Asker: 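Take this structure, written in structure tokens, and hold onto it; I'll ask about it next.
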Amino acid sequence: MRFRVRKSRNKTHSVEENYAELRHKMVRKQIRERGIADSRVLEVMEKVPRHRFVESSFLSEAYSDHALPIADNQTISQPYIVALMTELLELQPGFKVLEIGTGCGYQTAVLAEIVGQVYTVEIIESLAIGAQSRLDMFGYRNVQLKIGNGYFGWQEHAPYDGILVAAAPKNIPDRLINQLANGGRLVLPIGDSDQELILIRKTDRGIKQTAITGVRFVPMTGGERVMDG
Ligand code: SAH
């Protein structure tokens, strides 16, 4: 219960109550009506104050049905896509999850509300610093963030029960599959201008891959190869 909506005594709604109403409507129209049914996902989308993660110039669009620009030409994903990717991971409270592409930290907060431990990697330092301060301000003690290239995952804390990638590589990064636990799920966009959201399940008998839907993410940068010298 990190975010309580304060009830004001008078009839005029407080600013936070207005945002809570917008959030409620967002969950109903954009998320539940489109088929997201996992109650934990719905609860958390109703709780995390998306407006506190967006740039002040986009405050009025914080709960709109689309992605929004954040700093450094990056974006905060559309609410429905955040909910869909979170649901696809079939999270349990005890899970350890890796996120690639922290951005503003909104998806990180959504994950941290549901699972025990979130590790998140962001390649752009200024975004990482911003996300860290927001996550600290909201008191998420179960998040560890590092600045780095997500193609390499975060080997030190592997294996992960779930991995969520918020930037699109052209191919599935091998290291992320390697860092996935047996029984774990990886959800990521793949492609260039034409991208598809892919769900990967790792089982005893190998990797199962399912195409979910067409999406549009920023490209994954940094490259897959270790630089020589
Ligand atoms: N989940 C984020 C979405 C951010 S957009 C949010 O809710 O705001 C995708 C992010 O991935 C950007 O911040 C971008 O800088 C980052 N990114 C791109 N390539 C990356 C890489 N190789 N490793 C880590 N982060 C990367």
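All of these numbers come straight from a predicted model, not from anything done at the bench. Both counts, for ligands and for their atoms, begin at 1 and track the order of listing.
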Asker: Which ligand 1 atoms does Ile124 reach within 4.0 Å, using its non-hydrogen atoms?
Answerer: 15 (O)
Asker: Ignoring hydrogens and angles, state whether a donor on the side chain of Arg134 or Thr108 is under 3.5 Å from an acceptor on the partner side chain.
Answerer: no
Asker: What protein heavy atom sits nearest atom 12 (C) of ligand 1, and how far away is it?
Answerer: Gln74 OE1, 3.3 Å
Asker: For the hydrophobic clusters of this structure (ILVMFWY residues joined by side-chain heavy atoms under 4.5 Å, transitively), does one cluster hold both Met137 and Ile129?
Answerer: no
Asker: Side-chain contact, heavy-atom cut-off 4.5 Å: Asp72 with Ser126?
Answerer: yes
Asker: I need the atoms of ligand 1 closer than 4.0 Å to a non-hydrogen atom of Val218, numbered in the order shown.
Answerer: 5 (S), 9 (C)
Asker: Name the closest protein heavy atom to atom 13 (O) of ligand 1, giving the residue it belongs to and the distance to 0.1 Å.
Answerer: Glu122 OE1, 2.7 Å
Asker: Do Glu113 and Tyr140 have a side chain donor and acceptor closer than 3.5 Å?
Answerer: yes
Asker: Can you confirm whether the side chains of Gln92 and Asp161 place a donor and an acceptor under 3.5 Å from each other?
Answerer: no
Asker: Pull out every atom of ligand 1 sitting under 4.0 Å from any heavy atom of Glu99, numbered as shown with elements.
Answerer: 1 (N)
Asker: Considering non-hydrogen atoms of the protein only, which is the closest contact for atom 23 (N) of ligand 1, and what is the distance?
Answerer: Gly150 N, 2.7 Å
Asker: Any N or O of Ile123 that comes nearer than 3.5 Å to an N or O of ligand 1?
Answerer: yes
Asker: So if I count the atoms of ligand 1 from 1 in the order they appear, which ones are less than 4.0 Å from some heavy atom of Val121?
Answerer: 24 (C), 25 (N)
Asker: Could you find the nearest protein heavy atom to atom 19 (N) of ligand 1 and give me its residue, atom name and distance?
Answerer: Thr221 N, 3.0 Å
Asker: Does Gly222 come within less than 4.0 Å of ligand 1, judged by its heavy atoms?
Answerer: no
Asker: If we set the cut-off at 4.0 Å for heavy atoms, which region of Val82 has an atom near ligand 1: side chain, backbone, both, or neither?
Answerer: neither
Asker: If the cut-off is 4.0 Å to any non-hydrogen atom of Gln107, which atoms of ligand 1 fall inside it?
Answerer: 1 (N), 7 (O)
Asker: Answer yes if the side chains of Thr120 and Gln107 hold a donor-acceptor pair under 3.5 Å, and no otherwise.
Answerer: no
Asker: Looking at atom 6 (C) of ligand 1, what's its closest protein heavy atom, distance included?
Answerer: Thr102 O, 3.7 Å
Asker: When you compare the side chains of Asn182 and Thr203, does any donor N or O come within less than 3.5 Å of an acceptor on the partner?
Answerer: no
Asker: Taking atom types as modelled and ignoring hydrogens, do the side chains of Arg34 and Tyr80 form a donor-acceptor contact shorter than 3.5 angstrom?
Answerer: no
Asker: Please report which non-hydrogen protein atom sits nearest to atom 5 (S) of ligand 1, along with the residue it belongs to and the distance in Å to one decimal place.
Answerer: Thr75 O, 3.0 Å
Asker: Heavy-atom distances under 4.0 Å decide this one: backbone, side chain, both or neither, for Leu127 against ligand 1?
Answerer: side chain
Asker: Can you sort out which atoms of ligand 1 are near Gly148, meaning under 4.0 Å from one of its heavy atoms?
Answerer: 23 (N), 24 (C)
Asker: Gln132: what forms a side-chain contact (heavy atoms from CB on, under 4.5 Å) with it, not counting sequence neighbours?
Answerer: Asp136, Leu145
Asker: Regarding ligand 1, does Ala166 bring an N or O atom to under 3.5 Å of one of the ligand's N or O atoms?
Answerer: no
Asker: Would you say Asp72 touches ligand 1, if touching means a heavy atom closer than 4.0 Å?
Answerer: no
Asker: Please tell me whether Glu16 and His51 have a donor and an acceptor in their side chains that are separated by less than 3.5 angstrom.
Answerer: yes
Asker: Tell me which one of Gly103, Ala71, Gly101 gets a heavy atom nearest to atom 1 (N) of ligand 1.
Answerer: Gly101
Asker: Near Ala167, which atoms of ligand 1 are under 4.0 Å from a heavy atom of that residue?
Answerer: 11 (O), 18 (C)
Asker: Going by the order shown, which atoms of ligand 1 are within less than 4.0 Å of some heavy atom of Asn149?
Answerer: 21 (C), 22 (N), 23 (N)
Asker: Suppose we call two aromatic rings close when their centres sit under 6.0 Å apart. Are Phe53 and Phe138 close by that rule?
Answerer: yes
Asker: What distance separates Arg50 CZ from Ile76 CD1, expressed to the nearest 0.5 Å?
Answerer: 4.0 Å
Asker: Please list, chain by chain and in numerical order, all residues satisfying side-chain contact (heavy atoms from CB on, under 4.5 Å) with Thr221, sequence neighbours excluded.
Answerer: Ile123
